[in-house]
Each structure stands twice: as structure tokens, then as C-alpha cells.
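Counting begins at 1 with the first residue of the sequence.
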Amino acid sequence: MTTRVIIVDDQAMVRAGFAALLAAQSDIDVVGEAPDGAQGVELSRRIHPDVVLMDVRMPEMDGLEAARRLLEPAPGVTHRPRVLMLTTFDVDDYVYEALRAGASGFLLKDAPPANLIAAVRVVASGDALLAPSVTRRLIADFAKQRPAVRGKPALRLKALTERETEVLTLVARGRSNAEIAQTLVLAEQTVKTHVSRVLTKLDLRDRAQAVVLAYESGLVAPGE
């Protein structure tokens, strides 16, 4: 199955480079490009890609607002692509807001080419791109700046079993399924099942939103 991708970035050379790299993959088809968020939203609604590579800083409409419009569409709009944010460290706060809006993760723009290809595949498969070494630090920093919301988010966690809560805690700490399986002495497939149930019970799209909810509800504290 081929993954349909559009690239939204205000730098033509960046778009061209990413497009050439991705189009060379047999399982990825670059179906469009846009120079700003507004055109990216219009293009996405017209051609229905599976994944949108979205830069954060752009003229007319930035990537954050564009991600919100794609992931929280107006009534009557049914298509919601996976959104992968392209960022640099100086705009991390925008990335956090994008994760809250439903983006499936983020990728540093200077990442190796192989990482970009892998990221598109991961996001297209329905998972989230949360590199433990980067994400743990970033999400923890964001959480320090925002006190935990102990209202509705905390109440939502009561729907989880004890084991599911353990799994969510480890997901929020940036652990992979394999690492969670080792920690809890479970089969990796069992961990995948638990993660899927957590997302379903909490009405979350992917692990990115699970991480945000875990911090905002106080399940995981910054620096743990």
C-alpha cells in the first residue's frame, strides 16, 4: 500500500529535497506541495493525503494553525490526515501545542534522510513519532511551564485498569513497546494490545496525545 504525502514548507528547496527523497521510495507517493499553512490546508482537503509534513513557521498561516484546522476540521469535513511537524529546537513550544491539537509527532529538520523516511512510515502506520531521547526532555519542559490539569483529564484515567495505567505511564516516559515489555515482563504484542486499549478508552488518536494527557493529568510529573 502506498502512502500519499504532501509537503508544506515555505522554503522551495526544502520542499524539493524532501519530495525527491520520499518519492524515491517505492511505498511513498508525494502528491503535492504547498508554501504556507493556508494552501496546505486547502490542498489536503482537496486531495486527501495520508500524511502531511508540516513546517512550523510559515507566512500567511503557520503550521500550528494549519495542523489545528486539519485535525479539528469544521462540521462536514471528514478527512483527517496524519500530521508530522517539521521543527527546530527554537520552536519547541509550538510543537507541544501541535501535539495537543492531534499531530502525530515531530521531526527535526536537520535529521538524517533515513529518519525522515522512517518517520513518514511510522506516522502512516497509525503510530506516533516520539523519539524517547528528545521527547522526554521536551514534554517535561513544557509540563513544568503548565500546571497539571486535574479535572477532566484525571477523571478520564479512571477508565483504565491498573495494568493499562502502568503502560500509559511508561509510554509518557518515552519508552518503546519493547522497553515496556521488558520492564513489565510482558510479551511485546501484549504491550501493543494494552496501548491500543488505552488509546481507545481515552479517545486518543495516538501515543503523542497519550503523552500529553499523562502529563496534564498529573499521572507523570516532570523530571521523573
Side-chain angles (χ1 to χ4, degrees), residues 1-131 199 203-209 212:
M1 182 177 176
T2 301
T3 298
R4 291 161 46 84
V5 177
I6 67 171
I7 302 168
V8 185
D9 193 295
D10 63 328
Q11 298 181 47
M13 290 185 65
V14 171
R15 296 198 307 272
F18 286 171
L21 178 65
L22 294 174
Q25 312 306 309
S26 61
D27 59 335
I28 298 175
D29 186 12
V30 178
V31 295
E33 301 176 23
D36 61 61
Q39 292 185 54
V41 171
E42 189 279 329
L43 181 63
S44 177
R45 289 178 176 169
R46 180 160 46 86
I47 65 178
H48 294 180
D50 301 304
V51 176
V52 177
L53 288 182
M54 182 79 73
D55 189 21
V56 173
R57 285 183 173 174
M58 293 180 289
E60 302 300 328
M61 181 188 293
D62 65 22
L64 176 58
E65 179 60 26
R68 284 199 188 105
R69 295 194 184 192
L70 289 176
L71 298 169
E72 301 172 3
V77 178
T78 58
H79 177 255
R80 292 204 307 174
R82 299 279 175 177
V83 175
L84 177 60
M85 304 300 296
L86 299 170
T87 185
T88 53
F89 278 112
D90 64 335
V91 288
D92 290 335
D93 196 53
Y94 285 92
V95 176
Y96 175 80
E97 296 299 335
L99 291 176
R100 294 187 67 188
S104 293
F106 60 92
L107 185 71
L108 298 178
K109 295 181 78 170
D110 61 355
N115 287 19
L116 173 63
I117 297 168
V120 170
R121 289 171 176 158
V122 166
V123 170
S125 72
D127 208 339
L129 186 72
L130 291 172
L199 298 181
D203 192 27
L204 302 172
R205 292 190 69 195
D206 52 36
R207 295 168 81 103
Q209 288 192 317
V212 172

Check your understanding: Between Ala103 and Met85, which heavy-atom pair has the shortest distance, and what is it?
Key -> CB-CG, 4.0 Å
Review point. From Ile7 CD1 over to Asp55 CG, what is the distance, rounded to the nearest 0.5 angstrom?
Key: 11.5 Å
Check your understanding: Quick one: CG on Leu107 to CE on Met54, what's the gap to the nearest 0.5 Å?
Key -> 14.5 Å
Revision key, fill the gap. Between Val123 and Ser104, the two heavy atoms sitting closest are CG1-CB, 3.8 Å
Review point. Among all residues two or more places apart in sequence or in another chain, which pass the side chain to side chain contact (heavy atoms under 4.5 Å, CB included) test with Gln25?
Key: Asp27, Ile28, Ile117, Arg121
Check your understanding: Which distance, rounded to the nearest 0.5 Å, do you find between the CZ of Phe106 and the CG of Leu86?
Key -> 11.5 Å
**Study point:** Separation between CG of Asp29 and OG1 of Thr2, rounded to the nearest 0.5 Å
**Key:** 6.5 Å
Exercise for review: Under the side chain to side chain contact (heavy atoms under 4.5 Å, CB included) rule, what do Arg57 and Asp62 come out as? Steps first, then yes or no, please.
Suggested key: CA-CA 5 Å; Arg57 285 183 173 174; Asp62 65 22; 5.9 Å; no
Revision key, fill the gap. The reported gap from CG in Leu108 to CG in Asn115 (rounded to nearest 0.5 angstrom) is 9.0 Å
Review point. Does Asp50 have any side chain to side chain donor-acceptor pair (under 3.5 Å) partners at least two apart in sequence or in another chain, and if so, which?
Key: none
Which pairs would a plain distance check flag for residues 10-23, meaning a side-chain donor or acceptor within less than 3.5 Å of a matching protein atom at least two apart in sequence or in another chain?
unit_1, atom_1, unit_2, atom_2, d
Arg15, NE, Glu33, OE1, 3.3
Arg15, NH1, Asp9, O, 2.6

For residues 66-74, run the donor-acceptor check on the side chains, cut-off 3.5 Å, and write out each pair with its distance to 0.1 Å, sequence neighbours left out.
unit_1, atom_1, unit_2, atom_2, d
Arg68, NH1, Glu65, OE1, 3.4
Arg69, NE, Glu65, OE2, 3.0

Exercise for review: Please name the pair of heavy atoms, one in Gly40 and one in Val8, separated by the smallest distance, quoted to 0.1 Å.
Suggested key: CA-CG2, 3.8 Å
Practice item. List the atom of Ala119, the atom of Leu84, and the distance in Å for their closest heavy-atom pair. Key: CB-CD2, 3.7 Å
Study note, to complete from the structure: With sequence neighbours left out, the residues meeting side chain to side chain contact (heavy atoms under 4.5 Å, CB included) with His79 are Ser44, His48, Pro49, Pro81
Exercise for review: Please say which of Val52, Val31, Val30, Val51 ends up in a side-chain contact (heavy atoms from CB on, under 4.5 Å) with Arg4.
Suggested key: Val31
Practice item. Mind checking side chain to side chain contact (heavy atoms under 4.5 Å, CB included) for Leu204 and listing every partner two or more places apart, or none if nothing turns up? Key: Arg156, Leu199, Leu202, Gln209, Ala210, Leu213
Point to revise | Value rounded to 0.5 Å, distance of CE in Met61 from CD in Glu42 | key: 11.0 Å
